[in-house]
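Side-chain atoms are counted along with the backbone in the values below, which use heavy atoms only and exclude waters and symmetry mates. Everything numeric in this text was worked out from a predicted model, so none of it was measured. First the proteins, then the strands, lettered A, B, ... as listed; each starts at 1.
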2 protein chains.
Amino acid sequence: MASARRIPEATVARLPLYLRVLGEAATERTTTLSSDVLAARAGVNAAQVRKDLSFLGSYGTRGVGYDVDYLVRQINRQLGLDDDRRVAIVGAGNLGQALASYAGFPERGFQVVAAFDADPAKIGSRLGSTVVSAVTDMPRILREKDVEIAIITTPASVAQGVANALIKAGVGSILNFAPTTVIVPSQVAVRQVDLGIELQILSFYHHHIDTTAATAGS
Amino acid sequence: MASARRIPEATVARLPLYLRVLGEAATERTTTLSSDVLAARAGVNAAQVRKDLSFLGSYGTRGVGYDVDYLVRQINRQLGLDDDRRVAIVGAGNLGQALASYAGFPERGFQVVAAFDADPAKIGSRLGSTVVSAVTDMPRILREKDVEIAIITTPASVAQGVANALIKAGVGSILNFAPTTVIVPSQVAVRQVDLGIELQILSFYHHHIDTTAATAGS
DNA sequence: CCATGTGAAAGCGTTCACAGCG
DNA sequence: CGCTGTGAACGCTTTCACATGG
């Protein structure tokens, strides 16, 4: 029993992981998956999988497992992935370039509909399937294209200013790759990914080749 | 009191964040930082900062705060960042390209000393400051250059195989960007970063414009 | 007097263990 | 009989609150 409880943050962060495993299973024409198998492929504990999925409702069958297609639909619905989401990329450097042509985005329903840069030399150039616009046109274009999520790939020095402008223009979610913390009001969602920090964390565990549990997730 | 305790995983993940803030403070010629200010700039709670730093020892001065330069040295030492770390990138696609020329790496002591790809067309081309080698030469080159950390930016389908080969060649830490979970023995450290998953997590909070705490860190 | 360092409390997240159901 | 769903136990993290010391 117990459908539609409030989903804990840690569970939310793992749902996309399960979605990925379920997707792989679907292409292998696997119709059903037990929590044991799902857990092994996701690299987590089986009890964790069952508890996480129980927050969505009782979608498994005892003695059998979870129906792959059905579970995919339920998770997609919870994550709000039923329709495409419009994304903008701010900063057309190397990382912005790479993200704009990242196949994983359109595959999972994220459409890059706008890109911006402050450098006049870059304006008008292609970034994936869009064209780079001037940051000065950002507020107008963001509203015109109804952008929901923005990815910041600018230098650290301008990231906070960019974030402020994005929020002012109605963007509700920000994925920040600039190596600085951007501070946002509580009604805006941010995730901060610092590629250098990831390496530094690995460096710690490499340096202490004794301590416990050296694995960690996204 | 109490120097060199065992440092909790959550604290380890935040130390590089503090390092980043301290670095910014140093360039502003700030010599001393209180836990309040440090916390605000890192986007965390002040008590958290104090507790985290207390695991390294008593490096603050009551009534004053923390000496920026001294604290930087202590954190660097703990993270094992005193000397440069040798990094390899496997997969010379867009993301591999971007990472190879990412300024944040050399700045923080990570040297990209090797790059690999399976595509013969890419072998010999430049990737940042190195040249792309064939994956078949990977074991030899990894050992020759004493690579400690590897970054996987290959398609998901080959990521696990690459990880296995890396571990066999003595690489102890892996940063995986391929959109699949790589399973490794417990003595190897992995961090999995899936750019699509980050967007999906944001999508959840965008879709539920009511629930609590929408911020989360790397 | 101000900011650190830290016990203690509160809050989360994970894992266990097993009842319950297909 | 096998696997889900879940209370309860456990361990980790965060936050509070204040004694301590420069």
So does [X] get a side-chain nitrogen or oxygen closer than 4.0 Å to the phosphate oxygens (OP1/OP2) of [N]?
X	N	value
Gln48(B)	dT13(D)	no
Asn45(A)	dC16(C)	yes
Ser35(A)	dT4(D)	yes

Tyr66(A) side-chain proximity, nearest of dC16(D), dT4(D), dT6(D)
dT4(D)

Test log, rule salt bridge (Lys or Arg N to Asp or Glu O under 4.0 Å), inputs Asp194(A) and Arg108(B)
CA-CA 12 Å; Asp194(A) 185 318; Arg108(B) 305 190 220 183; 3.2 Å; yes

Contacts under 3.5 Å, N or O only, protein and nucleotides 19-22 of chain C:
from: dG20(C); atom 1: N2; to: Arg62(A); atom 2: NH1; distance (Å): 3.3
from: dG20(C); atom 1: N3; to: Arg62(A); atom 2: NH1; distance (Å): 3.0

Would you call the rings of Phe204(A) and His208(A) parallel, tilted or perpendicular if under 30° counts as parallel and over 60° as perpendicular?
parallel

Please state how far atom CG in Leu71(B) lies from atom C1' in dG5(C), giving the value in whole angstrom units.
14 Å

Please report, rounded to the nearest Å, how far the P atom of dT4(D) is from the CZ atom of Phe55(A).
16 Å

Given Thr181(B), which partner from the list Arg41(A), Arg20(A), Glu24(A) fulfils the side chain to side chain donor-acceptor pair (under 3.5 Å) test?
Arg20(A)

Take Asp82(B) and Arg77(B) through the salt bridge (Lys or Arg N to Asp or Glu O under 4.0 Å) test and state the conclusion after the steps.
CA-CA 6 Å; Asp82(B) 285 336; Arg77(B) 190 170 51 76; 5.8 Å; no

By the 4.0 Å heavy-atom rule, please label Ala10(A) as base, sugar-phosphate, or nothing.
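Sugar-phosphate contact only - Ala10(A) comes under 4.0 Å of backbone atoms but never of a base.
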
